[in-house]
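Report on the following structure.
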Number of protein chains: 2
Amino acid sequence: MDKQPELCRVDDALNILVGKWKPIILLTLLQQGTKRFSELKRSVPGITQKMLTNQLRELEKEDIITRKVYAQVPPKVEYSITEYGKSLEPILVAMHDWGTAHNLHKKNIISN
Amino acid sequence: MDKQPELCRVDDALNILVGKWKPIILLTLLQQGTKRFSELKRSVPGITQKMLTNQLRELEKEDIITRKVYAQVPPKVEYSITEYGKSLEPILVAMHDWGTAHNLHKKNIISN
DNA sequence: CTGTATCCAGGCGGATACTG
DNA sequence: CAGTATCCGCCTGGATACAG
């Protein structure tokens with residue numbers, strides 16, 4: 001049942017990153033800083049309100065992002081990466097770099 | 001529907017790594033080299049034959065691992081990381097390092 | 001503007017049994 | 001030894017409607 005202690009350490013990071021919209025949400029917040037709910041919705045084309053809320057809540061639970069509510073009408077809520085969340089950036093960068101190379105790999109296969 | 005080109009690059013890597021047993025399978029092959037089906041099964045406690053086959057097939061499709069069948073009785077099949085698959089190692093290492101630090105983070109929260 | 005509540009389809013992963 | 005085949009429960013994510 002248990003995995004090797006050394007090996008399963010990767011699963012913690014993976015579980016946090018996994019979610020249809022989490023990577024793009026995190027990258028948006030990392031690159032563009034604090035954003036309102038509606039701004040995020042615009043920054044992530046195709047996402048529904050339900051899913052945006054859902055993914056944000058999960059990231060918040062993991063202490064990767066923070067949620068700041070302004071008591072006003074109309075409502076205003078801002079989301080930001082936590083310091084802890086910023087520690088995920090090297091992983092996202094590694095994946096982004098790999099993704100770029102992956103694209104080239106696929107093109108090479110096709111061209112052969 | 002479409003995401004920003006730059007941002008969605010991370011999804012390619014993520015999709016390949018996602019799967020309940022893929023990370024540990026990859027790390028095992030990376031660290032210990034070529035392994036037979038039964039050896040992998042022993043290296044990944046708790047996995048069923050169905051899931052081991054399933055995860056191996058998916059990694060094979062992505063050209064991350066190779067499958068070598070020896071025409072003999074009893075059957076012998078060996079799995080190895082491809083050169084291309086090795087390019088995933090930095091990502092796995094980054095996640096492993098993060099997972100280790102994450103453990104400390106959780107401990108700190110508890111101790112506060 | 002920033003959510004919640006429902007319903008629903010598809011896929012993932014587990015248990016189990018069977019096979020060349 | 002190295003798989004396949006089947007059944008099945010659960011969770012994820014999409015569509016849609018409603019709400020403070």
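Worth saying up front: this structure is predicted, and the values here are computed from it rather than measured. Residue numbering restarts at 1 for every chain, and letters A, B, ... go by the order of the sequence lines.
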Worksheet item: Where do A:L92 and A:H96 land on the side-chain contact (heavy atoms from CB on, under 4.5 Å) test, with the steps shown first?
Response: CA-CA 6 Å; A:L92 291 166; A:H96 174 271; over 6 Å; no

Item to complete: Any salt bridge (Lys or Arg N to Asp or Glu O under 4.0 Å) involving residues 86-104 of chain B? Give me the pairs, sequence neighbours left out, ordered by first then second residue.
Response: B:E83-B:K86

Practice prompt. List in chain and number order the residues that pass side chain to side chain donor-acceptor pair (under 3.5 Å) with A:K41, two or more places apart in sequence or in another chain; answer none if no residue qualifies.
Written response: none

Discussion item. Between P on D:dC1 and CZ on B:R67, what's the gap in Å once rounded to a whole number?
Written reply: 16 Å

Fill in: Whole angstrom value for the distance that separates P of C:dT2 from CD of A:E60
15 Å

Item to complete: If a protein heavy atom is under 4.0 Å from the base, mark B; if only from the sugar-phosphate, S; if neither, -; do that for nucleotides 10-17 of chain C going 5' to 3'.
Response: ---BBB--

Worksheet entry | d(CG, A:L52; C1', C:dG3) in whole Å | 10 Å

Between side-chain atoms of residues 65-76 of chain A and protein atoms elsewhere (two or more places apart, or another chain), which donor-acceptor pairs fall under 3.5 Å?
{"residue": "A:R67", "atom": "NE", "partner": "A:Y79", "partner atom": "OH", "Å": "3.2"}
{"residue": "A:Y70", "atom": "OH", "partner": "A:E78", "partner atom": "OE1", "Å": "2.9"}

Worksheet item: Quick one: A:I24 CD1 to D:dG13 C1', roughly how many Å, whole number?
Response: 16 Å

Worksheet item: side chain to side chain donor-acceptor pair (under 3.5 Å) with A:T34: which residues, sequence neighbours excluded?
Response: A:S80

Worksheet, complete the sentence: Note: B:P23 and A:D11 closest approach over all heavy atoms is CG-OD1, 3.6 Å

Worksheet item: Counting only side-chain N and O atoms of A:R36, is one of them less than 4.0 Å from OP1 or OP2 of C:dC1?
Response: no

Worksheet item: Which pair of heavy atoms, one from B:A13 and one from B:I91, lies closest together, and at what distance?
Response: CB-CD1, 3.9 Å

For residues 45-56 of chain A, run the donor-acceptor check on the side chains, cut-off 3.5 Å, and write out each pair with its distance to 0.1 Å, sequence neighbours left out.
{"residue": "A:T48", "atom": "OG1", "partner": "A:M51", "partner atom": "N", "Å": "3.2"}
{"residue": "A:T53", "atom": "OG1", "partner": "A:Q49", "partner atom": "O", "Å": "2.9"}
{"residue": "A:Q55", "atom": "OE1", "partner": "A:W21", "partner atom": "N", "Å": "3.2"}
{"residue": "A:Q55", "atom": "OE1", "partner": "A:K22", "partner atom": "N", "Å": "3.3"}

Practice prompt. For the pair B:L26 and B:L17, evaluate side-chain contact (heavy atoms from CB on, under 4.5 Å) and give the outcome as yes or no after the intermediate values.
Written response: CA-CA 9 Å; B:L26 289 176; B:L17 263 4; 3.7 Å; yes

Worksheet item: At what distance, to the nearest 0.5 angstrom, does OG of A:S87 lie from CD1 of A:I81?
Response: 9.5 Å

Practice prompt. Can you tell me the distance, in whole Å, between the CG atom of A:L56 and the C1' atom of C:dT2?
Written response: 11 Å

Worksheet item: Of the non-hydrogen atoms in A:D12 and B:G99, which two are nearest, and what is the gap between them?
Response: OD2-O, 4.2 Å

Worksheet item: Roughly how many Å is it from NZ in A:K35 to P in C:dC1, rounded to a whole number?
Response: 14 Å

Worksheet entry | Degree of bending in the helix from C:dC1-D:dG20 to C:dG20-D:dC1 once both end axes are built from five pairs, to 10° | 50°

Worksheet entry | DNA chain D contacts among residues 71-81 of chain B, heavy-atom distance under 4.0 Å | B:P74, B:P75, B:K76, B:V77, B:Y79

Discussion item. Can you see if the side chain of B:R57 gets near the phosphate of D:dT4 - specifically, an N or O under 4.0 Å from OP1 or OP2?
Written reply: yes

